[in-house]
Number of protein chains: 2
Amino acid sequence: MNIMIREATIATGGMPSSPPATLIEAAYRAIRRNIVLGVHAPGEKLRVEHLKTQYDMSSGTLREALGLLVADALVVAQGQRGFSVAPMSVSDLEDLVYLRALVETEAARQSLANGDDDWEASLVSCFHRLTRAEERLGARTAEAYEEWERRNFEFHEALVSAARSRRLLELRARLHLQAERYRRLSALDGPRPRDVHNEHQQIYELALKRDADRLVEVLTKHLQRPVDVILKSGLLTPVTAETGKAA
Amino acid sequence: MNIMIREATIATGGMPSSPPATLIEAAYRAIRRNIVLGVHAPGEKLRVEHLKTQYDMSSGTLREALGLLVADALVVAQGQRGFSVAPMSVSDLEDLVYLRALVETEAARQSLANGDDDWEASLVSCFHRLTRAEERLGARTAEAYEEWERRNFEFHEALVSAARSRRLLELRARLHLQAERYRRLSALDGPRPRDVHNEHQQIYELALKRDADRLVEVLTKHLQRPVDVILKSGLLTPVTAETGKAA
DNA sequence: ACAGATAGCAATCTCGAGATTATTTTTCGT
DNA sequence: ACGAAAAATAATCTCGAGATTGCTATCTGT
């Protein structure tokens with residue numbers, strides 16, 4: 001009846017992903033993508049009835065998909081008052097970046113301690129690809145940005161991939177996903193390719209030198225940067241999108 | 001029709017909890033409790049059909065409850081092959097304790113940095129109650145143990161309660177919940193009240209002295225202790241309940 | 001005119017049956 | 001007798017309708 005829906009509404013969220021086996025997963029990815037892209041604004045109420053017409057699925061399926069999104073902290077469930085998109089705010093961003101710095105730096109420390117030759121090889125490879133993507137970023141095209149985003153993700157993933165703690169890596173992935181909405185926001189203001197590349201270069205070199213302490217410093221700054229961009233650009237007003245109609 | 005089910009099957013999971021507003025939450029708590037208590041063994045397949053007769057609920061409701069438990073990492077969903085209780089293993093325990101140490105010590109650092117007079121007061125109060133509960137632990141009754149567990153929880157909660165990061169505290173709570181199964185296991189081998197009390201005393205004093213570095217040391221050891229107990233007692237065999245029939 | 005209460009409405013929560021998929025058992029061929 | 005394919009079985013996944021709950025607007029009384 002509505003099988004092609006999968007092909008139509010689903011899009012890989014940027015990172016490599018296996019095809020969705022179940023309808024729930026399909027709905028989950030579709031809604032997640034639309035939240036990250038801002039189609040569903042922060043604070044917006046997600047009425048199942050309305051979503052049913054939008055995604056052409058049954059209420060039960062959508063409910064379960066929303067449940068998965070609640071686990072990702074992209075949707076909040078208000079008791080028996082339905083669901084709504086998780087609000088964005090400056091304090092939430094600061095909290096998120098703080099925890100990401102903690103987790104990301106710890107994962108990096110583990111990686112530096114455990115990384116073998118294969119790890120180094122993949123880091124070298126990913127850094128090379130990232131550098132090329134950063135060069136192409138001058139074109140200011142959407143495709144170039146998409147590729148840079150993917151390469152950036154892969155580079156940071158390769159950096160921490162030698163960490164042994166399964167939970168730490170899962171947590172890192174979840175926080176990365178939560179940060180994606182804010183990342184989109186800071187990208188609107190225009191990135192500063194040169195500074196970003198310099199930081200990546202430092203991270204790369206320090207990682208190969210196994211200088212964990214200095215790497216942690218640079219990584220922390222690297223994660224902090226988008227916060228400053230967003231704050232100074234005023235894209236995120238102090239009180240943001242509570243009811244869904246802000247500037 | 002079956003309203004009294006709530007009263008019958010639901011039991012507060014140990015920590016203070018508001019009455020469940022929705023049936024899903026009721027099912028969630030009931031199943032969670034049974035997993036923590038070991039009624040549902042690690043690795044056991046949770047067939048919805050079977051659970052339906054056990055909890056007297058509809059399949060949809062149980063599915064959503066299981067979804068919530070997946071978010072807590074107490075249940076794993078294997079694609080479209082149904083749900084099963086998250087397995088327990090030595091490596092999983094080590095991973096869990098490692099991350100708990102990271103999160104708990106970081107939260108403690110934040111608390112020491114931000115804690116005001118009210119925080120100190122609640123810490124003093126909780127430590128006092130915990131001490132009394134530890135004295136009563138000599139009775140070896142189930143009630144005494146239940147109370148000690150509650151006081152222990154409250155003491156550690158009070159310790160980190162001044163931390164500002166919302167996500168950090170939520171993560172901490174989630175990890176605490178995941179650790180509860182292993183805690184039950186180590187409790188079977190018999191606790192060593194004297195050592196535990198000594199550690200609590202140290203933690204208490206170092207917290208009031210705001211000696212973060214030494215507190216982190218003691219806290220880490222404190223969290224590590226149950227691991228040693230479980231390993232030495234052999235309660236957790238190296239290969240555990242993967243499929244129910246070890247390899 | 002304002003406050004409280006009641007009636008109506010909308011959305012959610014809950015449920016059981018049908019469709020789809022994975023697993024097991026049986027059967028056939030070599 | 002052993003291996004592989006196919007049918008039967010059992011579970012899950014999906015769906016739409018009914019019951020319950022929360023919210024809103026109107027109405028009445030002071």
Side-chain angles (χ1 to χ4, degrees), chain A residues 1-10 18-31 40 43-71 75-86 242-244, chain B residues 1-10 18-31 40-41 43-71 75-86 242-245:
Chain A
M1 184 198 292
N2 50 10
I3 299 175
M4 50 169 44
I5 295 297
R6 302 189 183 183
E7 300 300 326
T9 60
I10 301 311
S18 49
T22 171
L23 260 185
I24 293 172
E25 180 124 2
Y28 162 70
R29 294 197 198 176
I31 300 176
H40 297 303
E44 177 185 322
K45 277 197 287 188
L46 292 172
R47 277 176 280 266
V48 179
E49 289 281 311
H50 197 245
L51 264 58
K52 209 161 67 170
T53 69
Q54 193 165 355
Y55 292 91
D56 194 21
M57 281 167 175
S58 188
S59 53
T61 306
L62 287 170
R63 277 186 65 77
E64 293 211 30
L66 289 173
L68 293 178
L69 288 165
V70 169
V75 166
V76 290
Q78 310 160 40
Q80 47 204 142
R81 254 172 282 176
F83 301 88
S84 61
V85 180
E242 174 94 4
T243 64
Chain B
M1 187 197 291
N2 49 12
I3 299 176
M4 51 168 44
I5 296 299
R6 302 188 184 182
E7 301 298 326
T9 61
I10 301 312
S18 50
T22 170
L23 260 184
I24 294 172
E25 181 124 3
Y28 162 70
R29 294 197 199 177
I31 300 176
H40 296 302
E44 178 185 323
K45 277 198 288 187
L46 292 173
R47 279 176 280 266
V48 179
E49 290 280 313
H50 198 246
L51 265 57
K52 209 161 67 171
T53 68
Q54 193 165 354
Y55 291 92
D56 195 20
M57 282 166 173
S58 188
S59 52
T61 307
L62 287 170
R63 276 187 65 77
E64 293 211 29
L66 289 172
L68 293 177
L69 288 164
V70 168
V75 166
V76 290
Q78 312 162 41
Q80 47 203 142
R81 254 172 281 176
F83 302 89
S84 60
V85 180
E242 171 98 2
T243 63
K245 48 179 88 171

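Every chain is numbered from 1, with letters handed out A, B, ... down the list of sequences.
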Next on the checklist: Looking at every non-hydrogen atom in both residues, tell me the closest pair between B/Tyr28 and B/Ala65 and how far apart they are.
Outcome noted: N-CB, 3.7 Å

Next on the checklist: Looking at every heavy atom in both B/Ile31 and B/Leu51, which two are closest together, and how far apart are they?
Outcome noted: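 Between these two residues, the closest heavy atoms are CD1-CD2, 4.2 Å.
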
Send over the distance from [X] [atom1] to [N] [atom2], rounded to a whole Å.
| X | N | atom1 | atom2 | result |
| --- | --- | --- | --- | --- |
| A/Leu62 | D/dT14 | CG | P | 11 Å |
| A/Lys45 | C/dA10 | NZ | P | 14 Å |
| A/His50 | C/dA10 | NE2 | P | 15 Å |
| B/Ile24 | D/dT20 | CD1 | P | 16 Å |
| A/Glu25 | D/dT14 | CD | C1' | 16 Å |
| A/Glu64 | C/dT12 | CD | C1' | 15 Å |
| A/Leu23 | C/dT20 | CG | C1' | 11 Å |
| A/Leu51 | C/dT12 | CG | C1' | 13 Å |

Next on the checklist: Under 4.0 Å, counting only non-hydrogen atoms across every strand here, what does A/Leu46 touch: a base, just sugar-phosphate, or nothing?
Outcome noted: sugar-phosphate

Checklist entry - In Å and rounded to the nearest 0.5 Å, what is the CG to CG distance from A/Leu68 to B/Leu68? => result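 If we round to the nearest 0.5 Å, A/Leu68:CG and B/Leu68:CG are 9.5 Å apart.
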
Next on the checklist: So, taking the atom named CZ in B/Arg63 and the one named CD1 in A/Ile24, what distance separates them when rounded to the nearest 0.5 Å?
Outcome noted: 4.5 Å

Measure from the side chain of [X], starting at C-beta and using heavy atoms only, and say which of [options] lies closest.
| X | options | result |
| --- | --- | --- |
| B/Arg63 | C/dG16, D/dT12, C/dT14 | D/dT12 |
| A/Phe83 | D/dG16, C/dC13, C/dG16 | C/dC13 |
| A/Ser58 | D/dC15, C/dT14, C/dT12 | D/dC15 |
| A/Ser59 | C/dT12, D/dG16, D/dC13 | D/dG16 |

Checklist entry - A/Ser84 and side chain to side chain contact (heavy atoms under 4.5 Å, CB included): which partner among A/Leu66, A/Leu46, A/Val76? => result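 Of the listed residues A/Leu66, A/Leu46, A/Val76, the side chain to side chain contact (heavy atoms under 4.5 Å, CB included) partner of A/Ser84 is A/Val76.
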
Checklist entry - For C/dC13, does OP1 or OP2 lie under 4.0 Å from any side-chain N or O of B/Thr61? => result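 Answer is no, no contact under 4.0 Å.
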
